[in-house]
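Have a look at the structure below, then the notes.
When a residue number appears, it is its place in the shown sequence, counting from 1.
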Amino acid sequence: QVQLVESGGGLVQAGGSLRLSCAVSGSIIAINAMGWYRQAPGKQRELVVQPAGGGGTEYADSVKGRFTISRDNVRNTLYLQMDSLKPEDTAVYYCNAKIRTLFIGEREYWGQGTQVTVSS
């Protein structure tokens, strides 16, 4: 029953901004962690941002100072604000979450991905 629905991707020129959303639905007991990954053409999936110990946040060096993660716990929605976008940010972005449901213990879930294309 768990579903992660991503939105907000699209085509933008270098220097522009996008805001990605990841809405989680289902018989949720607890969402223990949420983060973002991306995969560029011809490359392996890489971490963009994830929770860190002590309530902190771990960003990839390539996006520090430009990307910001936030979470709406009431709506169970994760956001990724992306500013000063560069062509090298072009990738499919995936939402990731570790979720415990009413019937199943904690498992890892992925969204379907949303395409971000940054033109020069």
Next on the checklist: Under a 3.5 Å cutoff, is there a donor and acceptor pairing between the side chains of D83 and S17?
Outcome noted: yes
Donor-acceptor list for residues 22-32 side chains, cut-off 3.5 Å, not counting sequence neighbours:
residue	atom	partner	partner atom	Å
S27	OG	Q1	OE1	3.4
N32	ND2	E106	OE1	2.1

Next on the checklist: Quick check against the 3.5 Å criterion: does Y59 have a side-chain atom that pairs as donor or acceptor with the backbone of I69?
Outcome noted: yes
Next on the checklist: Suppose clustering is done on Ile, Leu, Val, Met, Phe, Trp and Tyr with side-chain heavy atoms closer than 4.5 Å. Which residues sit in the same group as W110?
Outcome noted: Y37, L47, V92, Y94
Next on the checklist: Please check if the number of heavy atoms outside R107 that lie under 6.0 Å from its CZ is greater than 12.
Outcome noted: no
Next on the checklist: Counting only heavy atoms not in E88 (residues, nucleotides, ligands), do more than 12 fall under 6.0 Å from its CD?
Outcome noted: yes
Checklist entry - Any idea which heavy atoms bring S84 and R66 closest together, and the distance? => result O-NH1, 3.0 Å
Item to check | Distance in Å, Q13 CD paired with S119 OG, rounded so as to fall on 0.5 Å steps | outcome: 4.5 Å
Checklist entry - Is Y79 linked to I99 within one hydrophobic cluster, defined over Ile, Leu, Val, Met, Phe, Trp and Tyr using a side-chain heavy-atom separation of less than 4.5 Å? => result no
Checklist entry - Hey, what do you get for CG (N76) to CG (L4), rounding to the nearest 0.5 Å? => result 10.0 Å
Checklist entry - Using 4.0 Å as the upper bound for N to carboxylate O, is an ion pair formed by D61 and K64? => result yes
Item to check | Residues in side chain to side chain donor-acceptor pair (under 3.5 Å) contact with E46, at least two apart in sequence or another chain | outcome: R38
Next on the checklist: Could you walk me through whether R71 and N73 satisfy the side-chain contact (heavy atoms from CB on, under 4.5 Å) test, starting with their C-alpha distance in whole Å, then the side-chain angles of each, then the deciding distance to 0.1 Å, before giving a yes or no?
Outcome noted: CA-CA 6 Å; R71 179 175 172 176; N73 290 322; 2.7 Å; yes
Next on the checklist: Please determine whether side-chain contact (heavy atoms from CB on, under 4.5 Å) holds for the pair M34 and N96, giving the CA-CA distance in whole Å, both sets of side-chain angles, and the decisive distance to 0.1 Å.
Outcome noted: CA-CA 6 Å; M34 297 187 72; N96 172 263; over 6 Å; no
Checklist entry - If you look at every heavy atom in Q115 and A91, which pair is closest and at what distance? => result NE2-O, 3.4 Å
Next on the checklist: Determine whether E6 and Q112 satisfy the following criterion, side-chain contact (heavy atoms from CB on, under 4.5 Å), listing intermediate values before the conclusion.
Outcome noted: CA-CA 7 Å; E6 297 153 317; Q112 79 288 344; 3.6 Å; yes
Item to check | Heavy-atom closest contact (S120 atom, P87 atom, distance) | outcome: CB-CG, 3.9 Å
Item to check | Validation row: F67, L20 side chains within 4.5 angstrom (heavy atoms) | outcome: no
Item to check | Backbone N/O of R75 and side chain of T77: donor-acceptor pair under 3.5 Å | outcome: yes
Checklist outcome for this item: Result for side chain to side chain contact (heavy atoms under 4.5 Å, CB included) between L80 and one of V49, L18, T68 points to V49
